[in-house]
Number of protein chains: 2
Amino acid sequence: MEIKTAKEKFIQSWGNFGKTWGINKTMAQLHALLLVSDEPLSTEDAMERLQISRGNANMNIRALMDWGLVSKVTKMGDRKEYFEAERDVWHIARLIVRERRKREIEPMLAVIEELKEVSLSEVNREEEQEEKERFSVLLEDIDQFATKADSILDKFQRSDENWFYRSLVKLMK
Amino acid sequence: MEIKTAKEKFIQSWGNFGKTWGINKTMAQLHALLLVSDEPLSTEDAMERLQISRGNANMNIRALMDWGLVSKVTKMGDRKEYFEAERDVWHIARLIVRERRKREIEPMLAVIEELKEVSLSEVNREEEQEEKERFSVLLEDIDQFATKADSILDKFQRSDENWFYRSLVKLMK
DNA sequence: CTGAACTTTCAAAACTTTTTGAAAGTTTAG
DNA sequence: CTAAACTTTCAAAAAGTTTTGAAAGTTCAG
């Protein structure tokens with residue numbers, strides 16, 4: 001296999017992989033493209049390589065910058081904007097964890113906390129007692145688990161690579 | 001807030017939450033509905049509570065059973081099938097991790113391994129040397145990270161609740 | 001067997017998300 | 001300032017996903 005073919009395959013796979021994780025396919029493909037490029041690329045370069053429209057390229061590159069995965073590079077004597085991807089896999093993972101916690105875990109925790117409060121309020125009718133109790137236990141269990149998972153991810157996100165690898169060794173014992 | 005309203009809200013939130021994680025909204029809502037039901041429900045019950053069609057209810061209940069999150073219950077003297085959800089949050093988490101590893105992480109790892117092999121093949125032309133080297137390093141880094149993350153998840157999936165909580169304490173030190 | 005009770009399937013419709021591309025906006029060289 | 005070079009926006013179109021519901025399939029009591 002040619003290296004060009006291999007990179008192509010990498011870009012396609014990264015796109016599909018991203019899609020299952022709730023990330024727009026083009027966004028993931030752009031990320032992959034920038035990861036395998038030896039030079040920063042312009043919007044035009046990306047449009048041509050991925051066969052996508054200007055609007056699509058522009059929007060998704062912005063999104064990648066919002067996530068912190070891609071940064072703008074300027075070349076002297078050139079008005080075009082060029083982009084390059086963060087290549088440190090460890091750093092990439094932390095940025096992704098940060099975004100996903102923000103978007104997915106924290107809103108869910110907020111809802112659970114809210115509903116827990118409701119469940120604690122007085123029981124009005126006798127027959128509700130047991131139902132309410134069961135619901136409360138469920139919410140409490142989910143809350144406990146999610147809070148713990150969230151705090152691990154928080155720790156991960158703030159830690160350095162060594163912490164991760166040291167932790168791994170501990171856990172695998 | 002009424003308990004009925006609270007459960008309603010739980011079902012809606014679980015649905016939206018699931019959606020961002022690449023799980024069909026109805027599937028997540030059905031799961032939530034069964035989680036908060038004190039009795040097993042029939043397909044008809046689910047159709048009525050969630051206002052969905054028979055086909056939709058049927059397909060997504062099947063999917064939940066494939067994931068192992070829901071099981072069939074039969075009542076004597078009744079030909080209908082009833083369904084109930086696994087309520088142990090820990091167990092639920094393990095089942096979800098198992099499915100997602102299978103569907104998302106493992107296929108990605110397979111692609112990376114395949115591309116790594118390609119990258120190791122002889123360099124044909126002089127100018128390709130550096131490009132190939134850079135690509136190889138990237139693939140190697142991703143592979144290392146993903147393999148480690150996958151093995152933590154594998155361990156998690158096979159472990160019991162106590163392992164998880166003990167590990168947490170260790171990690172948070 | 002037969003037919004009622006139930007479950008499954010799947011093509012078409014509804015809905016959601018993504019993409020396009022042209023127009024508007026911004027920046028800068030001259 | 002002006003106009004060329006570039007970036008951003010967003011309504012409409014395309015693509016993708018989910019849902020519907022009716023027909024086909026299955027099971028089982030009588």
Side-chain angles (χ1 to χ4, degrees), chain A residues 11-34 40-67 70-84 99-100 103-104, chain B residues 11-34 40-67 70-84 103-104:
Chain A
I11 292 169
Q12 296 307 325
S13 303
W14 203 251
N16 293 329
F17 183 63
K19 208 164 40 154
T20 69
W21 276 81
I23 289 157
N24 177 315
K25 184 173 163 183
T26 303
M27 180 172 161
Q29 285 184 337
L30 276 165
H31 186 220
L33 172 62
L34 292 171
L41 300 183
S42 67
T43 302
E44 305 251 343
D45 296 334
M47 285 164 64
E48 203 202 313
R49 290 287 302 280
L50 300 182
Q51 294 292 317
I52 57 176
S53 70
R54 184 175 300 286
N56 196 7
N58 180 74
M59 300 247 281
N60 283 297
I61 289 172
R62 293 306 127 188
L64 284 167
M65 297 210 300
D66 288 346
W67 282 55
V70 160
S71 52
K72 201 183 284 190
V73 181
T74 49
K75 289 189 186 176
M76 282 203 316
D78 190 342
R79 276 171 66 182
K80 267 209 197 77
E81 294 177 339
Y82 291 81
F83 304 94
E84 71 183 359
E99 284 301 312
R100 294 184 66 97
R103 282 157 208 247
E104 295 161 17
Chain B
I11 291 169
Q12 295 307 325
S13 304
W14 204 252
N16 293 327
F17 183 63
K19 206 164 43 158
T20 69
W21 276 83
I23 289 158
N24 178 315
K25 186 173 162 184
T26 303
M27 180 172 159
Q29 285 184 338
L30 277 165
H31 186 219
L33 172 62
L34 292 172
L41 300 182
S42 66
T43 304
E44 304 251 342
D45 296 333
M47 285 165 64
E48 204 203 312
R49 289 287 301 278
L50 300 181
Q51 294 292 317
I52 57 176
S53 71
R54 184 175 301 284
N56 196 8
N58 181 72
M59 298 248 283
N60 283 296
I61 289 174
R62 293 304 126 190
L64 284 167
M65 297 210 301
D66 288 346
W67 282 55
V70 160
S71 51
K72 201 182 286 189
V73 180
T74 47
K75 290 188 186 178
M76 281 202 318
D78 190 344
R79 273 168 72 178
K80 269 210 196 79
E81 293 178 339
Y82 291 81
F83 305 94
E84 72 183 358
R103 282 159 208 244
E104 295 160 17

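Just the heavy atoms: all of them, side chains too, but no hydrogens, waters or symmetry mates, feed the values below. The sequence lines fix the lettering, A, B, ..., with proteins before strands; numbering per chain opens at 1. Only a predicted model underlies this, so the values are computations on that prediction, with no experimental measurement involved.
With a 6.0 Å cutoff to the six-membered ring centre and a 45° limit on the axis angle, A:Arg100 counts as a cation-pi contact of B:Trp21.
Here the rule is side chain to side chain contact (heavy atoms under 4.5 Å, CB included) with B:Arg62, and of B:Leu64, B:Asn60, B:Asn58 only B:Asn58 fits it.
Nearest nucleotide to the side chain of B:Asn58, out of C:dT7, D:dC10, C:dC10: C:dT7. If you check D:dC6, D:dT19, C:dT8 against the side chain of A:Asp78, the one that comes closest is D:dC6. When distances are taken from the side chain of A:Lys80 to each of C:dT8, D:dT19, D:dC6, the shortest belongs to D:dC6. Of the listed nucleotides (C:dT8, D:dT19, C:dG21), D:dT19 has the atom at the smallest distance from the side chain of B:Thr26.
Between the P atom of D:dA13 and the CD1 atom of A:Ile52 lies a distance of 21 Å, rounded to the nearest Å. The CE-C1' distance, from A:Met27 to C:dT19, rounds to 16 Å in whole Å. Rounded to whole angstrom, the span from the NZ atom of A:Lys72 across to the P atom of D:dC6 amounts to 14 Å. One can place CE of B:Met47 at 13 Å from P of C:dC6, the figure rounded to the nearest angstrom. Rounded to a whole Å, the CE atom of B:Met59 is 10 Å from the C1' atom of D:dT20. The separation between B:Leu64 atom CG and C:dT8 atom P is 13 Å, rounded to whole Å. For B:Asn56 and C:dA14, the CG to P distance is 16 Å, given to the nearest whole Å. As a whole-Å value, the separation of A:Met76 CE from C:dA29 P is 13 Å.
Between A:Arg79 and B:Asn24, it is A:Arg79 whose nearest contact on DNA chain D lies nearer the 5' terminus. Position along DNA chain D of the nearest nucleotide to A:Lys19 versus A:Gly55 favours A:Gly55 as the more 5'-ward residue. Toward the 5′ end of DNA chain C lies the nearest nucleotide of B:Glu81, the other residue of the pair B:Glu81 and A:Ser53 mapping further downstream.
A donor atom on one side chain and an acceptor atom on the other are not found under 3.5 Å apart for B:Asn16 and B:Ser13.
Across all strands, B:Arg54 comes closer than 4.0 Å to base atoms (heavy-atom distances).
Under the 4.5 Å side-chain criterion, counting only non-hydrogen atoms from C-beta, B:Met47 is in contact with B:Arg54. Between B:Phe83 and B:Lys72 there is a side-chain heavy-atom pair separated by less than 4.5 Å.
Dashed line: the shortest gap from a side-chain N or O of A:Thr43 to OP1 or OP2 of D:dC6 is not under 4.0 Å.
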